[in-house]
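Single-structure report; data block below.
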Amino acid sequence: FSNNVLTNALHLLKLFIVRPIPRARIRLQWGEQQFYGTTEPDGFFKFEWESSATVPAGWHPVNVQLLGVNNQAVATGEGKIFVPHSTQYGFISDIDDTVLVSHSSTTGKRLRVMFTKNPRSRKTFADVVKFYHLLALAHTEPDLLNPFFYVSSSEWNLYDDLNEFFKHNELPKGAFLLSQIKKWHQLLKTGKTKHQGKLIRITRILHAFPKQRFVLLGDNSQSDPEIYAALANKFPDNIVAIYLRNIRANKEMPTRLLLDSIQKKEIHTCLFKHTDEAILHSRSIGLID
């Protein structure tokens with residue numbers, strides 16, 4: 001976590017010098033159950049299974065092994081699976097320019113911050129950590145916090161840095177849903193993935209947790225207003241509120257018009273510049289204490 005610009009630039013470059021391993025054999029261990037599979041062309045994999053044991057709400061470990069000759073494990077990784085309580089709120093949040101100061105709409109500033117800063121020197125917006133902790137505790141107990149899903153157009157190359165940034169700033173633990181991995185020659189296009197993918201990932205969350213009531217958090221620097229308005233109209237009974245940080249003044253009016261277009265008027269909306277405005281709004285609607 002150096003303050004040296006060259007060191008940080010080389011670190012970022014290394015994150016994009018990757019060679020995915022397709023068709024690798026892997027084994028997933030869940031309690032007493034084992035499942036086998038292979039990686040996709042991009043090196044990622046997906047398992048779906050039914051647990052043979054009752055799974056209480058909360059975080060649970062899962063292990064995945066890369067298999068070599070004679071099914072011997074040559075590498076092991078541990079992940080976490082979160083099972084929310086059916087009565088809890090769920091929070092789906094963008095990252096760049098919602099939590100993390102990124103200057104997404106200005107290419108020069110965005111790249112300068114990416115190349116010169118490290119996960120511990122990147123900045124959050126004022127009071128955003130306070131706000132997210134209040135949301136994590138909304139109508140639940142400290143030992144069973146509300147789930148967060150961090151959905152971003154940033155690529156999986158940046159996962160370790162984002163994870164370190166969230167831990168360093170003590171933001172609520174959550175599941176990351178990022179964009180497809182990029183190679184080194186695509187580095188300057190990082191964060192510029194088509195936003196249709198973000199809509200699909202959030203839709204998957206809503207389908208996976210049909211009993212949850214969700215709050216969407218984003219900003220108007222890119223496509224969050226259009227995506228969130230479309231989701232509110234498609235899933236009106238699953239979404240309680242939408243919060244958008246007003247990053248671009250020239251998009252304020254179009255953003256307000258999109259929020260006004262939401263058909264179910266019981267869905268609360270808040271376009272804010274400073275996080276304390278969002279906190280006051282959340283208190284006024286009874287979302288937080």
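All residue numbers refer to positions in the sequence shown, counting from 1.
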ask   = So do the side chains of L144 and H85 get within less than 4.5 Å of each other, counting heavy atoms only?
value = yes

request  = Would you mind reporting whether Q34 and R27 have side-chain heavy atoms less than 4.5 Å apart?
outcome  = yes

query = Say you draw a straight line from CD1 of I242 to CG of L216; how long is it, rounded to the nearest 0.5 Å?
reply = 5.0 Å

Whether N220 side chain and R248 backbone form a donor-acceptor pair below 3.5 Å = yes

task = Look at the side chain of Q88 and the backbone N and O of L145, then say whether any donor-acceptor pair between them is shorter than 3.5 Å.
result = yes

task = Ignoring hydrogens and angles, tell me if any N or O in the side chain of N118 forms a donor-acceptor pair with the backbone of S121 under 3.5 Å.
result = yes

task = Over 60° means perpendicular and under 30° means parallel, so classify the ring planes of H281 and H268, tilted if in between.
result = perpendicular

query = When rounded to the nearest 0.5 angstrom, what distance separates CG in N246 from OG in S221?
reply = 10.5 Å

request  = Consider only side-chain heavy atoms of I, L, V, M, F, W and Y, link residues closer than 4.5 Å, and tell whether V18 and M114 are in one cluster.
outcome  = yes

task = Mind checking the CG-CE spacing from L271 to M253? Nearest 0.5 Å is all I need.
result = 10.0 Å

note = Taken to the nearest 0.5 Å, the spacing of L244 CG from F272 CZ works out to 7.5 Å

message = I'd like to check E155 versus L178 (side-chain heavy atoms, cut-off strictly below 4.5 Å). Are they in contact?
response = no

inquiry  = Does K264, at its NZ atom, have more than 12 non-hydrogen atoms belonging to other residues, nucleotides or ligands within less than 6.0 Å?
reply    = yes

inquiry  = With a 4.5 Å cut-off on side-chain heavy atoms, are F214 and L231 touching?
reply    = no

ask   = Does a side-chain heavy-atom distance below 4.5 Å link F235 with H207?
value = yes

ask   = Do Q180 side-chain atoms and K182 backbone N/O form a donor-acceptor pair below 3.5 Å?
value = no

query = Are I279 and Y89 grouped together when hydrophobic residues (ILVMFWY) are joined by side-chain heavy atoms under 4.5 angstrom apart?
reply = yes

Q72 backbone acceptor or donor facing N70 side chain under 3.5 Å = no

query = Picking from D224, I202, L100, what satisfies side-chain contact (heavy atoms from CB on, under 4.5 Å) with D94?
reply = D224

Residues S154, D96; criterion side-chain hydrogen bond (donor to acceptor under 3.5 Å, both in side chains); working and verdict = CA-CA 8 Å; S154 293; D96 292 309; 2.8 Å; yes

query = With under 30° as parallel and over 60° as perpendicular, where do the rings of F45 and F47 fit, or are they tilted in between?
reply = perpendicular

ask   = Within the side chain of N4, is there an N or O that forms a donor-acceptor pair under 3.5 Å with the backbone of L6?
value = yes

task = Compute the ring centroids of F209 and F149, then answer whether they are less than 6.0 Å apart.
result = yes

message = I want to know whether Y243 and F131 have ring centres closer than 6.0 Å.
response = yes

ask   = Measuring from L134:CG to N146:CG, what's the distance to the nearest 0.5 Å?
value = 11.5 Å

ask   = How are the rings of Y132 and Y150 set relative to one another: parallel (under 30°), tilted (30 to 60°) or perpendicular (over 60°)?
value = parallel

ask   = Mind checking whether I95 and F176 have side chains closer than 4.5 Å, heavy atoms only?
value = yes

key: Side chain to side chain, V101 and F125, heavy atoms closer than 4.5 Å   = yes

ask   = Would you say T39's side chain and A24's backbone share a donor-acceptor pair under 3.5 angstrom?
value = yes

task = Please round to the nearest 0.5 Å and tell me the distance separating atom CG of L158 and atom OG of S152.
result = 8.0 Å

key: Side-chain touch R245/D97, heavy atoms, less than 4.5 angstrom   = no

